[in-house]
Amino acid sequence: MAGSPTARRRRLSIELKKLRETNAFTCAQVGQALDWSGSKVNRMETGSGRVQPSDIDALCRFYDTTDELREFLKSLAREAKTRGWWQVHGAGVPEWFNIYIGLEQDASTFRQYQCELIPGLMQTEAYIGELHRTGAHMSAEDIARAVQVRMERQAMLTRADAPDAWFVVNEGSLRNVIGDRALMREQLERVVESAELPTVTLQILPFDSGTYPATGTFTMLGFPAPEDPDLVYRDGITDAVYLEGEHHVREYTKAFDGLRAAALSPQRSVQLIKSVLKEYAS
């Protein structure tokens, strides 16, 4: 079973929708049979509404499921209500980003393209703090919380069951000076250290790479259970987009493959980072 509350809620939504479609009912038909609204059924299947164990009992009686499936779904509903470690930091983590962190914690594969900044999972505390202080209307306390959450997220790359993580980073991210040259020197040293982790692959997309897929920054997450489909994540200043359809995942996979092909090899990428490091040291 998936580990984080967010992943459990997502898995529950998937299973409920599968049950309804297998039995060839619409949301309206299920709602009418159970004296609910069709929108309530839809909210359960999209993860936008709380699902009570009593709701699971009613649905499983209607669908005539096995006792084992009913108890599995009820356990998902109960555990989806728990709070993740990152949710205790209040305004330091926007609600729309809470969802992403919960999914990220359960990913077995991680693919990310960064076109402007150093990947968040490789950022130093000083780099993170500088990013949050620039242009953000956050209190010092909330900035400290946001920095702490990002630093704690980085533990996923070094844990025993670390995901297979692949990063493609535009050369501009190395040369975009955040803070000052001393900060960037420390930051690039951290990137080199991260690239040496056994489950991490890092490639730099150089300025002279020629034509490549112009996509903007995005992240693709894959999950260990075949019932949990891959998704694409893109965020902005005030919100985020989660793309789960097969078409979206397929097209972003093709784009990521194109970026990998245009980027330097992992070995040459580290060489480029070290050469930029020397420039910051001078």
Side chains of [X] and [Y]: does their closest heavy-atom pair fall under 4.5 Å?
X: Val249; Y: Pro229; answer: no
X: Met151; Y: Gln148; answer: no
X: Leu12; Y: Ile56; answer: yes
X: Leu59; Y: Leu19; answer: no
X: Gln271; Y: Arg268; answer: yes
X: Asn176; Y: Leu117; answer: yes
X: Thr124; Y: Ile118; answer: no
X: Leu131; Y: Gln123; answer: yes

I'd like to check the salt bridge (charged side-chain N to carboxylate O under 4.0 Å, His left out) partners of Arg175; sequence neighbours left out, ordered by chain and number. Glu171, Glu279

Who passes salt bridge (charged side-chain N to carboxylate O under 4.0 Å, His left out) against Asp180, sequence neighbours left out? none

Table please: side-chain donor-acceptor pairs of residues 213-226 below 3.5 Å, with sequence neighbours left out.
unit_1, atom_1, unit_2, atom_2, d
Thr217, OG1, Gln114, OE1, 3.4
Thr217, OG1, Cys115, N, 3.2
Thr219, OG1, Gln112, NE2, 2.9

Not counting sequence neighbours, which residues clear side-chain contact (heavy atoms from CB on, under 4.5 Å) with [X]? List them please.
X: Glu251; answer: His247, Lys254
X: Ser37; answer: Ser39, Lys40
X: Glu141; answer: Ser139, Arg145

For Phe25, which residues count as a ring-ring contact (aromatic ring centres under 6.0 Å, His included) partner, sequence neighbours excluded? Phe62

Please enumerate all residues that pass ring-ring contact (aromatic ring centres under 6.0 Å, His included) together with Tyr127, with sequence neighbours excluded. none

Run the side-chain donor-acceptor check on residues 188-195: report pairs under 3.5 Å with partners two or more places apart or on a different chain.
unit_1, atom_1, unit_2, atom_2, d
Arg190, NH2, Gln154, OE1, 2.5
Ser194, OG, Arg190, O, 3.1

For residues 259-282, which residue pairs qualify under ring-ring contact (aromatic ring centres under 6.0 Å, His included), counting only residues two or more places apart or in two chains? none

Qualifying ring-ring contact (aromatic ring centres under 6.0 Å, His included) pairs with a residue from residues 194-213, counting only residues at least two apart or across chains: none

Could you tell me how the ring of Phe167 sits relative to the ring of Phe110: parallel (under 30°), tilted (30 to 60°) or perpendicular (over 60°)? tilted

Residue pairs passing the side-chain hydrogen bond (donor to acceptor under 3.5 Å, both in side chains) test with at least one member in residues 63-72, sequence neighbours excluded, are Asp67-Arg70

With a 4.5 Å cut-off on side-chain heavy-atom distances among I, L, V, M, F, W and Y, is there a chain of contacts connecting Phe256 to Val169? no

Looking at Val168 and Leu205, what are the two nearest heavy atoms and their distance? CG1-CB, 4.3 Å

Quick check against the 3.5 Å criterion: does Gln203 have a side-chain atom that pairs as donor or acceptor with the backbone of Leu264? yes

Kindly say whether Met122 contributes a backbone atom to a donor-acceptor pair with the side chain of Gln187 at under 3.5 angstrom? yes

Taking the six-membered ring for Trp, is the centroid-to-centroid distance between Tyr100 and Tyr242 below 6.0 Å? no

